[in-house]
Asker: 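One structure follows; several queries about it will come next.
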Amino acid sequence: MWDDDWYLAPMSRRTQPLTRDDFVAAAIRFVDEHGLAALTLRALGATLGIGHTAVYRHFRDKDALVVAMKDAIVTEVALRATIRSTTPRDQLIERLSALWEVLQRHPHVVAAMTTITAPAPHAHDLAALVIADLEELGLDGDALACCFQMLESYVVGTQAFDLGGAPHHLEVRRQRHRSLGHAAFEPFTRSCAGVEANNHAAFRLGLELHVAGCVALGERNSAAASR
């Protein structure tokens, strides 16, 4: 979505004023490196070599900037999640896997997704697609709302747990699992890369089991409606 090196260019080489998207991209990179707590409009301006008043022209406060960051990340999911599947089940798995993969790259932004309540327009777009998939599975009413909440909690909640303590989260989990002293954990706790691979496999298995539950519930609803 963005040119990764735009903000490295000296001020004298910039021929266009910074846009709202430029500030959002820089904020995401800043948070990826320094954490969400370190982000302020003044700090972002200093990182870009400009006065913080320029940031205020686009965002009234930090919360407004964080909402824009959240929206940009969900937009990235929409751009990456090219749905090739023909069944609602597989579409749902692809969509939520794409969200998980994008969030993996932005561990410090995950916390914002669970604490910022202001609406992010593209987050609603992604939610609408997930709801449509669930409807195609035969879900409606309370069952649909519960399944949506279950999947949202699983995908975002898994990230919050897996990425807690980043950038040292993999080593923390490696040590914790090694301390269990169980042979099943030994192969993947030999390295942080092994822990990361197991995290991915565990997420995928859990997602497939969650979606299988949605499919079974949809089939039960459809069978009941046809009687």
Side-chain angles (χ1 to χ4, degrees), residues 1-2 4-5 25 27-39 66 69-70 72-85 87-116 123 126 129-130 133 147-216:
M1 184 184 301
W2 301 290
D4 286 343
D5 297 322
I28 291 173
R29 294 188 182 95
F30 181 95
V31 170
D32 284 345
E33 183 175 355
H34 302 289
L36 186 62
L39 177 65
V66 172
M69 292 164 57
K70 175 181 175 180
I73 287 173
V74 176
T75 300
E76 186 178 349
V77 175
L79 293 174
R80 287 169 55 87
T82 303
I83 305 302
R84 299 175 297 276
S85 304
T87 68
R89 172 198 173 278
D90 290 345
Q91 287 180 23
L92 198 52
I93 289 175
E94 274 196 66
R95 256 188 258 282
L96 297 176
S97 293
L99 174 60
W100 188 83
E101 289 168 6
V102 170
L103 292 180
Q104 279 277 306
R105 300 205 310 277
H106 306 293
H108 296 297
V109 181
V110 175
M113 299 190 74
T114 62
T115 58
I116 297 297
L126 180 60
L129 292 172
V130 172
D133 292 337
C147 285
F148 178 88
Q149 182 61 60
M150 174 185 70
L151 294 171
E152 181 181 56
S153 296
Y154 176 68
V155 176
V156 180
T158 297
Q159 289 287 16
F161 181 68
D162 284 349
L163 300 176
H168 308 296
H169 54 294
L170 293 174
E171 178 60 22
V172 169
R173 180 164 288 186
R174 189 181 79 83
Q175 294 289 351
R176 185 170 71 248
H177 284 174
R178 283 190 72 83
S179 70
L180 296 175
H182 194 287
F185 295 86
E186 195 278 332
F188 69 81
T189 56
R190 293 170 186 164
S191 67
C192 287
V195 173
E196 186 172 33
N198 189 63
N199 284 352
H200 288 206
F203 170 79
R204 181 72 182 200
L205 175 61
L207 179 60
E208 290 179 355
L209 291 173
H210 277 75
V211 172
C214 295
V215 171

Asker: Would you find a donor on one side and an acceptor on the other, under 3.5 Å apart, between the side chain of H210 and the backbone of G206?
Answerer: yes

Asker: Has the side chain of R174 got a donor or acceptor atom that lies under 3.5 Å from a matching backbone atom of C192?
Answerer: no

Asker: Take the angle between the ring planes of H200 and W100 and call it parallel below 30°, perpendicular above 60°, tilted in between.
Answerer: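 Geometry flag for W100 against H200: perpendicular rings.
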
Asker: Got P107 and H169 here, is their nearest side-chain heavy-atom distance under 4.5 Å?
Answerer: no

Asker: Between S153 and Q149, is any side-chain donor less than 3.5 angstrom from a side-chain acceptor?
Answerer: yes

Asker: Supply the atom-to-atom distance L96 CG to L207 CG, rounded to the nearest 0.5 angstrom.
Answerer: 5.5 Å

Asker: Determine whether the side chains of N198 and R173 contain a donor N or O and an acceptor N or O closer than 3.5 Å.
Answerer: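 Result is no, nothing qualifies.
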
Asker: Rounded to the nearest 0.5 Å, how far apart are CG of L151 and SG of C214?
Answerer: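 Those atoms lie 4.5 Å apart.
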
Asker: CG/N199 to CG/L163 distance, rounded to the nearest 0.5 angstrom?
Answerer: 8.5 Å

Asker: Yes or no on side chain to side chain contact (heavy atoms under 4.5 Å, CB included) for V66 and K70, after CA distance, side-chain angles and deciding distance?
Answerer: CA-CA 6 Å; V66 172; K70 175 181 175 180; 5.6 Å; no

Asker: Please report the interatomic distance CD(Q104) to CD(Q159), rounded to the nearest 0.5 Å.
Answerer: 4.5 Å

Asker: Scan H106, H108, E33 and name whichever one has a side chain to side chain contact (heavy atoms under 4.5 Å, CB included) with I28.
Answerer: H106

Asker: Let me confirm one number: the CG-CG distance from D133 to D90, rounded to the nearest 0.5 Å.
Answerer: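 One finds 10.5 Å between CG of D133 and CG of D90.
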
Asker: For the pair F188 and H177, name the ring-plane relationship: parallel under 30°, tilted 30 to 60°, perpendicular over 60°.
Answerer: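 Geometry flag for H177 against F188: perpendicular rings.
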
Asker: If I take atom CD from residue E186 and atom CG from residue L180, how far apart are they, to the nearest 0.5 angstrom?
Answerer: 12.5 Å

Asker: Check the angle between the aromatic planes of H182 and F185 and answer parallel, tilted or perpendicular using the 30° and 60° thresholds.
Answerer: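 Aromatic pair H182/F185 classed perpendicular.
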
Asker: Take H34 and L39, measure what side chain to side chain contact (heavy atoms under 4.5 Å, CB included) needs, and give me the verdict at the end.
Answerer: CA-CA 8 Å; H34 302 289; L39 177 65; over 6 Å; no

